[in-house]
Amino acid sequence: MSTSKPKVPVLAGLDIGSTKVCFVIGTVNADGKIEVAGVGTAPNTGMRQGVVVNIEATTDSIKKAKEEAELMSGYAVSDVWVGVSGTHISSFDSKGMVAIKNREVTASEIERVIEAAKAVAVPTDRTVLHVLPREFKVDGQDGITDPIGMSGVRLEANVHIVTGGQSAINNTVKCVEKAGLKVAGLVLGQLAAAKAVISPDEQNLGVCVIDMGGGACQSLYFSNGSVAHSSITPVGGQHFTHDIAVGLRTPQFAAEELKKKYGCAMASMVNENETIEVEGVGGRKSRVIPRKDLADVIEARAEETLNLLANDVRMSGLLPLMGSGIVLTGGASQLDGLVEMGEFIFDIPVRRGAPRGIGGLTEVVKSGEFAVAVGLLLYGLAQRKDLGLHQPQEVNLGESIDGFTKKIKDFFGQIF
Ligand SMILES: Nc1ncnc2c1ncn2[C@@H]1O[C@H](COP(=O)(O)OP(=O)(O)OP(=O)(O)O)[C@@H](O)[C@H]1O
Ligand SMILES: [Mg+2]
């Protein structure tokens, strides 16, 4: 790989999805902004709803995507930020309290109070991925976001802890390492996606980001600027494709193409006179059908999916706090008419989210399917104290994963 390029900080993000692996390489420019330098994608059949079901297939897809991104960017990378999500993730609130030494809050107090909040019983088969501070209290005074320098005797922290299943995470790490890479850090996929597609204003007003992938929809709720809840709804783009294949009696690959090219979530938005050609199964001749028939099939699934998601929002109890509404991202959010239908079903504002706040090859990563991979670069950058750009906002632990944890800790120093 090229060695003639000037030495600039290079970061890499890896999103291992149920339909495809996405590898993004970015550099950090003089303004401290990420510039996307290379992108590689490869279809993946070895992952299902965030859990590795085939190590070989996943490793191969990671290798392919990495090589493509390296070729495009001209940079070779060895460390990568990896997104994790899926059915094995769970998250909950916790509290911690410590006495403030010398009556002034310092970084070490924050570290201690976070440790105290983390000291809840996490079963041995789970790994703590994130400890996300929600608010601090100094001597009972609540609503504090940055207590450093404040005077008091007692510091409390309310945090949101995200954990993942140990074996699911180990298998993901195994695939990454078998592909010849080192894990720089593990990041909740929808947290990375949120970094890429929503603004701090939206976070402060309250927003629910939903990464609609091939196998599932992963939601992350922000209220008052911090993460309040995460969840998964096991329906994704592949279910839409399956319905089309069955409903229109066409092969899966043809159904996938029809969905992307002519699909629409609301049949009423489709012109009655428009027709499309549908390939037959098993050598049967293709047929010409109204495009509305395709939309009818999709509409049923879209309505069901959005209702499940809306139910999730209601069940979270956070609906009244979602001032900025819902942001849909991920590949499956690109379906025509989905936002329009979403506005009906959620009854709060809905928009589509695509990566922003980056430079370089923005055209290549402008769709929601790159949100997680691009967000991993942004997340990685925020953690890089060595670049002098670190914003204290969270702790990335990944403690019980042998092999690379110590390196991460050595690399990033102490938390915060
Ligand atoms: N234009 C489009 N219209 C409708 N669906 C689309 C479009 N583009 C992509 N999709 C769907 O998006 C899905 C892939 O999205 P994405 O790449 O975010 O998933 P993934 O990360 O592989 O899966 P997961 O996150 O569930 O593990 C596929 O099911 C694909 O059919
Ligand atoms: Mg995904």
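If you read the sequence from its start, that first residue is 1, and numbering goes on from there. Remember, it's a predicted structure, so these values are computed and weren't measured experimentally. Every number for a ligand or one of its atoms is a count from 1 in the order of the listing.
- On a distance-only criterion, Gly331 and ligand 1 share at least one N/O pair closer than 3.5 Å.
- Between Lys260 and Glu256 a salt bridge is recorded (basic side-chain N to carboxylate O distance below 4.0 Å).
- Relative orientation of the Tyr379 and His130 rings is perpendicular, given thresholds of 30° and 60° on the angle between their planes.
- Where the criterion is an N or O separation shorter than 3.5 Å, residue side chain and backbone included, Thr241 fails it with respect to ligand 1.
- The shortest separation from a heavy atom of Gly236 to ligand 1 is not under 4.0 Å, leaving the residue out of contact.
- Between Asp211 and ligand 1, not a single N/O pair is under 3.5 Å apart.
- Counting heavy atoms under 4.0 Å from ligand 1, residue Ala216 touches it through the backbone alone.
- Residues Ser286 and Glu279 have side chains that never bring a donor and an acceptor to within less than 3.5 angstrom of each other.
- Within the 3.5 Å criterion, the main-chain N or O of Gly237 finds a donor-acceptor partner in the side chain of Lys259.
- Of the N or O atoms in Gln218, none lie within a sub-3.5 Å distance of an N or O in ligand 1.
- The single protein non-hydrogen atom nearest to atom 27 (O) of ligand 1 is Ser18 OG, 2.6 Å, given as residue, atom name and distance.
- Applying the side-chain hydrogen bond (donor to acceptor under 3.5 Å, both in side chains) test between Gln166 and each of Thr124, Thr127, Asp125 identifies Thr127 as the sole match.
- At least one N or O atom of Gly215 sits closer than 3.5 Å to an N or O atom of ligand 1.
- Every N/O-N/O distance between Gly213 and ligand 1 stays at or above 3.5 Å.
- Backbone and side-chain nitrogen or oxygen atoms of Gly214 are examined, and one is located within less than 3.5 angstrom of a nitrogen or oxygen of ligand 1.
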